[in-house]
Amino acid sequence: MTGLITRFNPVVLVAIALTAALGSPAIRTMPVALVCVAVYVVTLTLLVPSWRYPALCLALVALPIASIMWSTWLLGGRDLEIAVVAGLRTFVMTWPGAVAVGYVDVARLGDYLAQTLRVPGRFAAALSAALQRVTGVWQTWHELERVRRSRGLPRRPGAMAFTLLVHTMREATRTSIAMDARGFASAGRRTWAEPAVWTRLDVAVLAAAVALGALPVALRLIGT
């Protein structure tokens, strides 16, 4: 575990998720599935700073993987190998992307989308602001839990949810006013907070992500 994944730019992290998802449908046999799962697990384990977040992602995708395996086994002739392959294919489709996207800095994402991929500035700014609000919701929820514990109050999800709703509406209003004051809707030429810098590491990781996404196709073509 090196923590290198925290140094990648947001576009590279999104590319890791997309290439894994796009390449996963080519996983049709057990050998290909095992090789792809092993490669992704080893690669991401080396890149992340801690095992906790990848383990959390695994727990989140465990239910859909189990559901796919069960339905494939039940409706696919009760063939255990086919069911396991389907589960491993779902793992490759979901887990690497969940891990990679978790390290995306949403504040920088809009800068990179607009400057690197030439995404329209208005869309990039709106997407970045919306994702920041989503991240802020989880942070606010945990803060509410800590406040109630410090005051000796019981954890009441209903009351906390209402407080969170009020706080979210206030933050959304402030964000919209701030964006309008900066010409969000009418600006003809936009500036960005940070330059979209691509390092050699970013380029190398992007090439590796494409190669990993193409791995199931390559293994299938050579008959593995």
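Both V12 and L18 are assigned to one and the same hydrophobic cluster, defined by single-linkage of ILVMFWY side chains at heavy-atom distances under 4.5 Å. Under a hydrophobic-cluster definition in which Ile, Leu, Val, Met, Phe, Trp and Tyr are linked whenever side-chain heavy atoms come within less than 4.5 Å, directly or via other members, Y40 and L34 are assigned to the same cluster. Note: the hydrophobic cluster containing I82 does not contain V92 (ILVMFWY, side chain heavy atoms under 4.5 Å, direct or indirect links). Hydrophobic clustering (side-chain heavy atoms under 4.5 Å, transitive across Ile, Leu, Val, Met, Phe, Trp, Tyr) keeps L44 apart from M93. Hydrophobic clustering (side-chain heavy atoms under 4.5 Å, transitive across Ile, Leu, Val, Met, Phe, Trp, Tyr) groups V99 together with L206.
In this structure the side chain of V37 never reaches within 4.5 angstrom of the side chain of W95, judged on heavy atoms. No side-chain heavy atom of V48 sits under 4.5 Å from any side-chain heavy atom of Y53. No side-chain heavy atom of T29 sits less than 4.5 Å from a side-chain heavy atom of R220. Side-chain atoms of V39 and L215, non-hydrogen and from C-beta on, do get closer than 4.5 Å to each other.
Pairs of residues two or more places apart, or lying in two chains, that qualify as side-chain hydrogen bond (donor to acceptor under 3.5 Å, both in side chains) and include a residue from residues 3-26 are N9-D202.
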### Task
Might you work through the side-chain contact (heavy atoms from CB on, under 4.5 Å) test for W51 and T45, ending with a clear yes or no?
CA-CA 7 Å; W51 59 267; T45 300; over 6 Å; no
### Task
Determine, step by step, whether V104 and Y112 satisfy the side-chain contact (heavy atoms from CB on, under 4.5 Å) criterion, reporting the C-alpha distance in whole Å, the side-chain angles of both residues, the deciding distance to 0.1 Å, and the verdict.
CA-CA 11 Å; V104 170; Y112 276 82; over 6 Å; no
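Closest of all the heavy-atom pairs between A86 and T72 is CB-OG1, 3.6 Å. Closest heavy-atom contact between G97 and A17: CA-CB, 3.4 Å. Of all heavy-atom pairs between D79 and E81, the closest is OD1-N, 3.0 Å.
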Name each donor-acceptor pair under 3.5 Å that joins a side chain in residues 54-70 to protein atoms two or more places apart or in another chain, with its distance.
none

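Between I16 atom CD1 and F8 atom CZ the span is 6.0 Å, to the nearest 0.5 Å.
By the 4.5 Å side-chain criterion applied to Ile, Leu, Val, Met, Phe, Trp and Tyr, V42 is assigned to a cluster that also includes L46.
Proximity of a side-chain donor or acceptor of Y103 to a complementary backbone N or O of P10 within less than 3.5 Å is not detected. In this structure, the side chain of R28 engages the main chain of P25 through a donor-acceptor pair within 3.5 Å.
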